[in-house]
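Structure record follows, encoded as structure tokens.
Positions are given from 1, in the same order as the sequence printed here.
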Amino acid sequence: NAQVYPGAPEYEDGIDNDCDGVVDNNLFNNDNDGDGYSGAQGDCDDQNPLIGPDAAEVNLIADAEGNLVPEGVDNDCDGQIDEGTEPCDNALSGDSAMDFAKALELCQWVQAAEWLAGTAGQRSITSTFGSYYSPANGDKMVLLSSGLATAPLQGFTAGGNITYPGYDEVHGDNVNDPVVLRLTLKVPVNASGFSFDFSFFTVEFAYYVGSEFNDRFMVNLTSQAFNGNVSFDAENNPISVNAAFMSECSTSGDQSGWVDNVRASCGDASNLAGTGFEQDGGTGWLRTQAPAVAGEIIVIDFIIGDVTDHVLDSSVVIDNFQWIATGVTDPGTNPS
């Protein structure tokens, strides 16, 4: 019987079609894993509720050491493995928060997108930043700035500020010239976390290393799995001129002795060409990963602003948001 072999669909016909030793189990026309789809309706693994037509296609899984590696599963049963979500950012031209979500590759799963702070001049959907930086995925990426979101950078004073809990307790959590993008997302049933790529740039490098003038980029997560900033270095410093990731920076300019130890870890400034930060510093591409609970609603705030003053601006490019299948237990940031 050519219809009987290991892995064949099991029908209610009195025959052990799939050769597993049991007759009429795991029926092809039944939803055996309870995910809303039977094998006949396109569920390519009806024994796993995390695989089916409604699942997100995830490319990554965290291994035992916490490293992100290819997952190797056709989660959405479309016949392709680890193809991710088709980018939807090839024709974005507006300033809506939803367009910015799409520029991050969030084409689905977005319950709401809104600007909590910032002006149109401080944010941009772009395909380039300087001569080196281009999207990590798709055609566009997000650019946010405490100055004007352009390359080369232009200084800007919006004159406004907000109080954002956890941003800078020393100065009353004041954020000057703030930009805050809030995304409310529904976590797919087969995801336990997410990741995104970013690079931070600041005019405050290197003279203001260690000072109170330390513009910050923070990403605040509200989730059943974790609450708080998820983008920080190994010493829990938020992303700023004081973080350990300042690897792309000029060796000319300021020579104050208190930044020598920071300069020791710098590469060169060639990747900063055309950004407006050529004589300053940046982190290069970094990747943050953070946990979430499958099926829950989470809120992510992307925040950048000036600290203490309204001058010497900072910018960040963000791209390549991806869901992670399993293995994410704690937030962390490393070079991507």
Side-chain angles (χ1 to χ4, degrees), residues 1-88 105-111 137 184-196 221-226 287 289-298 300 320-332:
N1 188 336
Q3 306 304 313
V4 176
Y5 55 87
E10 184 78 13
Y11 294 97
E12 192 170 4
D13 56 4
I15 298 173
D16 179 13
N17 309 91
D18 58 5
C19 300
D20 68 350
V22 183
V23 173
D24 293 349
N25 66 324
N26 303 324
L27 296 174
F28 189 57
N29 292 308
N30 289 355
D31 177 14
N32 296 291
D33 57 14
D35 63 1
Y37 293 89
S38 67
Q41 294 170 312
D43 194 335
C44 54
D45 186 350
D46 205 25
Q47 300 304 307
N48 188 340
L50 303 184
I51 296 177
D54 270 349
E57 183 65 28
V58 290
N59 295 355
L60 303 172
I61 189 171
D63 64 15
E65 286 74 43
N67 301 309
L68 296 182
V69 297
E71 187 220 16
V73 176
D74 178 14
N75 309 95
D76 57 3
C77 296
D78 66 351
Q80 301 181 71
I81 294 175
D82 292 350
E83 80 277 11
T85 301
E86 179 99 15
C88 53
E105 282 68 59
L106 275 164
C107 308
Q108 306 176 55
W109 319 107
V110 182
Q111 304 289 295
N137 193 359
T184 303
L185 310 176
K186 182 175 177 61
V187 181
V189 295
N190 60 319
S192 70
F194 60 88
S195 69
F196 58 88
L221 170 65
T222 303
S223 164
Q224 297 175 37
F226 184 87
R287 175 169 294 165
Q289 63 185 62
V293 175
E296 72 163 332
I297 304 295
I298 64 174
I300 305 174
N320 196 30
F321 187 101
Q322 294 193 50
W323 296 110
I324 303 172
T326 58
V328 183
T329 55
D330 298 296

Please give me the minimum heavy-atom distance between [X] and [Y], naming the atom from each residue.
X    : Y    : value
P53  : G42  : CG-O, 3.7 Å
N320 : E105 : N-OE1, 3.0 Å
V328 : P291 : CG1-N, 3.5 Å
A55  : N75  : CB-O, 3.5 Å
N190 : L50  : CB-O, 3.3 Å
P87  : N137 : CG-OD1, 4.0 Å

Could you work out, with side-chain hydrogen bond (donor to acceptor under 3.5 Å, both in side chains) as the rule, every residue matching [X], not counting sequence neighbours?
X   : result
S38 : Q41
D45 : none
D46 : N32
Q80 : none

Taking only residues two or more places apart in sequence or in another chain, which ones pass side chain to side chain contact (heavy atoms under 4.5 Å, CB included) with [X]?
X    : answer
I297 : Q111, T184, K186
D20  : D16, D18, V22, N25, N26
D82  : E57, N59, P70, E71
S223 : L221, A225, A292, E296, I298

Could you grab the distance from atom [atom1] of [X] to atom [atom2] of [Y], nearest 0.5 Å is fine?
X   : Y   : atom1 : atom2 : result
N17 : D24 : CG    : CG    : 7.0 Å
D31 : D43 : CG    : CG    : 7.0 Å
I81 : D74 : CD1   : CG    : 6.0 Å

Name all pairs fulfilling the disulfide (SG to SG under 2.5 Å) condition that reach into residues 20-70, sequence neighbours left out, sorted by first residue then second.
C44-C77
Evaluate the criterion side chain to side chain contact (heavy atoms under 4.5 Å, CB included) for residue pair V187 and W109; output intermediate values, then yes/no.
CA-CA 7 Å; V187 181; W109 319 107; over 6 Å; no
Are any of the side-chain heavy atoms of I61 and V69 separated by less than 4.5 Å?
yes
Please enumerate all residues that pass ring-ring contact (aromatic ring centres under 6.0 Å, His included) together with F194, with sequence neighbours excluded.
F321
Please name all residues satisfying disulfide (SG to SG under 2.5 Å) with C19, sequence neighbours left out, ordered by chain then number.
none
Heavy-atom count around Q47 CD within 6.0 Å, excluding the residue itself: above 12?
yes
